[in-house]
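Taking it in order: structure first as structure tokens, then the write-up.
Just so we're clear, the structure is a prediction, and the values are computed from it rather than from any experiment.
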Amino acid sequence: MKRLFKIFTAIIIAITASSCNKDLDLTPTNNVAGDEAFNSAAGYKNVLAKVYGAYALTGSTGSGSSDLGGIDAGTSDFLRLYWNAQELTSDEALCAWVNDAAGGVGELDQLTWNANNVLLQGLYTRSLYQITVANAFLKESTDAKLSGRGISGTDLTAVQQYRAEARFLRAFQYWVLMDLFGNPPFITEESEFGAEAAKQITRAELFKYVESELLAIEPELVAAKQNEYGRADKAAAWALLARLYLNAAVYTGTPKYTEAITYSKKVIDAGYSLHARYANLFLADNNLNNPETILSINYDGVYTQNFGGTTYLINAAISGAMGPSSYGIPNGGWGGNRSRQTLPEIFGDYSGNSDKRAMFFGSKTANTDITTFNDGLAVTKFKNITSTGATAPSVGGIYTSTDFPLFRLAEMYLIYAEAVLRGGTGGTVAQALQYVNLLRQRAYGNNSGNLTFLSLNSILDERARELYWEAFRRTDLIRFGKFTDASYVWPWKGGSLSGKGVESFRTLFPIPSTDLIANPNLKQNTGY
């Protein structure tokens with residue numbers, strides 16, 4: 001199934017956006033979201049579509065609508081906000097829109113943000129909103145509710161599976177908040193909506209919660225590779241656990257590399273394989289014959305229109321002068337995001353003649369003018385064309401149908417390798433080297449790029465080559481101690497062309513000032 005539950009406009013639950021400043025105290029406003037919507041397994045599945053749909057849409061009435069207040073609808077999509085926070089703050093991407101009226105971009109580009117940054121506030125609120133949508137579903141799918149509505153037999157089994165998926169999606173968003181903001185407000189379906197302001201949870205406590213949720217739902221999720229495309233299964237839970245454990249030392253101060261090996265290996269052994277052609281992972285038909293993607297956010301240029309998601313990734317990375325039609329967006333090309341000089345340098349031969357993962361356009365690698373799109377190489381990794389070269393259907397020639405991989409097998413290979421090198425048990429260096437070389441053999445088309453040994457630095461570089469522009473880099477640089485440190489810089493880091501170190505507290509983003517005012521239970525992160 002290309003589009004999850006086909007058309008998200010059939011969603012039957014609505015959550016008000018006017019209460020965003022009350023953290024998670026958002027309540028359903030559509031009366032249809034009562035017993036009428038939950039009287040069958042099919043009804044529950046329709047409501048589950050909203051939980052998933054909140055990842056792919058900004059609102060329920062088209063690209064101009066938003067579930068959030070206080071931010072332009074076009075910039076309020078989850079992936080767009082998350083990608084900006086993970087990539088524009090790193091050595092991989094730079095955006096020319098520093099003077100955009102919506103604001104916030106230049107601060108991310110230069111690592112100078114504060115608690116009033118509208119894009120960080122938008123991401124924080126979007127994650128809380130998606131948690132709220134999941135909570136609303138979970139509140140209506142308790143054992144007592146299901147029994148009272150006569151849900152039993154195979155229908156009961158199906159709804160319990162849907163419930164596990166909603167818990168996974170909530171856990172994913174709590175992981176996002178833990179990784180980026182550290183100590184967010186916390187609420188579950190058992191909390192009373194609107195009764196009181198949400199309590200704050202510490203990063204270490206949230207780690208334990210996310211871990212416990214993923215372990216608890218594992219037996220209730222569908223077996224790996226057995227769910228509908230775009231829906232979570234056991235492998236998705238294992239993949240998030242592997243990612244969680246790889247970063248445990250950052251989150252809690254206690255490494256869990258052995259656990260990272262265990263859960264990455266569970267995914268590796270679950271029947272996934274590398275796609276034969278790396279470039280096809282990021283095309284408009286990447287849902288077809290794709291043995292590598294574990295879970296994706298699904299987009300459709302006709303049915304799920306918004307100015308975020310891969311519509312943003314593709315349009316913002318292309319200018320009108322580059323021939324947008326060849327990228328599947330004949331009327332698009334916004335000329336915003338391009339590579340920092342450091343990204344192509346990691347490839348060495350960034351023309352793609354050796355490592356086919358290097359997908360760049362242009363001739364100038366330097367970033368001397370932060371406001372000029374052509375000042376740096378364009379990144380052409382994502383396209384709205386199919387593997388046969390056809391342009392995917394697109395309303396207005398702008399919106400895209402390219403799905404975004406949240407988890408794929410290549411990341412699990414790299415987690416395994418890094419966790420082994422960091423001292424985790426249960427794996428071997430020889431196996432780690434083999435996994436990394438499988439990625440390089442695909443990239444080079446032969447064994448010419450094979451490595452003979454691994455180091456942590458080589459793993460970090462390989463993650464850049466394999467996962468660039470997939471919203472990993474900020475987290476990776478923090479784990480390697482290179483995000484704020486003056487020993488590793490890139491153009492415009494710290495607001496300097498040559499780059500400079502920044503304050504160590506910037507490994508966490510601030511709790512938005514609007515929420516601090518609205519919720520007296522919240523305490524600001526150190527440094528802000």
Side-chain angles (χ1 to χ4, degrees), residues 83-100 103-114 116-117 119-120 180 250 316-317 319 335-351 355 357-381 455-465 467-510 526-528:
W83 189 94
N84 285 341
Q86 288 286 79
E87 294 290 354
L88 295 185
T89 62
S90 80
D91 60 349
E92 289 190 349
L94 186 66
C95 185
W97 302 335
V98 297
N99 298 317
D100 187 85
V105 168
E107 294 174 358
L108 299 185
D109 275 343
Q110 301 174 78
L111 282 74
T112 59
W113 58 79
N114 57 39
N116 296 311
N117 185 282
L119 298 179
L120 296 179
L180 279 75
V250 173
S319 71
N337 298 329
R338 76 278 199 189
S339 70
R340 305 254 188 180
Q341 182 175 343
T342 37
L343 176 57
E345 287 176 348
I346 290 174
F347 283 92
D349 178 7
Y350 55 80
S351 67
D355 191 330
R357 295 172 297 187
M359 289 181 274
F360 301 105
F361 179 97
S363 58
K364 184 181 180 183
T365 60
N367 309 120
T368 53
D369 184 350
I370 197 172
T371 65
T372 301
F373 173 72
N374 293 331
D375 213 53
L377 298 180
V379 174
T380 59
K381 184 172 181 175
S455 67
L456 284 176
N457 281 337
S458 68
I459 291 293
L460 180 60
D461 286 349
E462 200 61 34
R463 286 185 67 91
R465 286 185 283 262
L467 302 172
Y468 71 99
W469 278 41
E470 293 181 55
F472 286 97
R473 194 58 171 174
R474 170 194 159 274
T475 301
D476 288 351
L477 291 174
I478 290 172
R479 189 173 65 256
F480 279 80
K482 295 188 174 186
F483 184 64
T484 61
D485 197 76
S487 64
Y488 180 66
V489 297
W490 53 84
W492 297 106
K493 179 180 180 179
S496 168
L497 172 58
S498 57
K500 64 180 182 180
V502 299
E503 305 93 335
S504 61
F505 65 75
R506 293 193 183 277
T507 54
L508 278 180
F509 290 124
T526 300
Y528 298 103

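- Between the side chain of Trp492 and the backbone N or O of Asn367 there is at least one donor-acceptor pair closer than 3.5 Å.
- Between Leu94 and Gln110, the closest side-chain pair of non-hydrogen atoms is not below 4.5 Å.
- Within the 4.5 Å cutoff, the side chain of Trp469 has heavy atoms near those of the Leu343 side chain.
- A search for ring-ring contact (aromatic ring centres under 6.0 Å, His included) contacts involving Phe347 returns Phe360, Tyr468, not counting sequence neighbours.
- Side chains of Asp349 and Ser351: a donor on one and an acceptor on the other come within 3.5 Å.
- Closest non-hydrogen pair, Thr89 versus Leu111, comes out as O-CD1, 3.3 Å.
- Partner of Trp490 under the side-chain contact (heavy atoms from CB on, under 4.5 Å) criterion, out of Glu92, Gln341, Arg340: Arg340 alone.
- Contact annotation: the side chain of Asn337 approaches that of Leu88 to within less than 4.5 Å [non-hydrogen atoms, C-beta and beyond].
- The shortest heavy-atom contact between Phe505 and Thr526 is CB-O, 3.3 Å.
- Between Val489 and Gly501, the shortest heavy-atom contact is CG1-N, 4.1 Å.
- Among all heavy-atom pairs drawn from Phe373 and Gly336, the shortest one is CD1-N, 3.5 Å.
- Residues passing the side-chain hydrogen bond (donor to acceptor under 3.5 Å, both in side chains) test with Asp375, sequence neighbours excluded: Lys364, Thr368.
- Pairs passing the salt bridge (Lys or Arg N to Asp or Glu O under 4.0 Å) check and including a residue from residues 480-501, sequence neighbours excluded, do not occur.
- The only member of Arg357, Lys381, Arg463 that meets salt bridge (charged side-chain N to carboxylate O under 4.0 Å, His left out) when paired with Glu470 is Lys381.
- Ser90 and Leu477 make their closest contact through CB-CD1, 4.0 Å (heavy atoms, listed as atom of the first residue, atom of the second, distance).
- Val502 and Gly494 get closest at one heavy-atom pair: CG1-CA, 3.5 Å.
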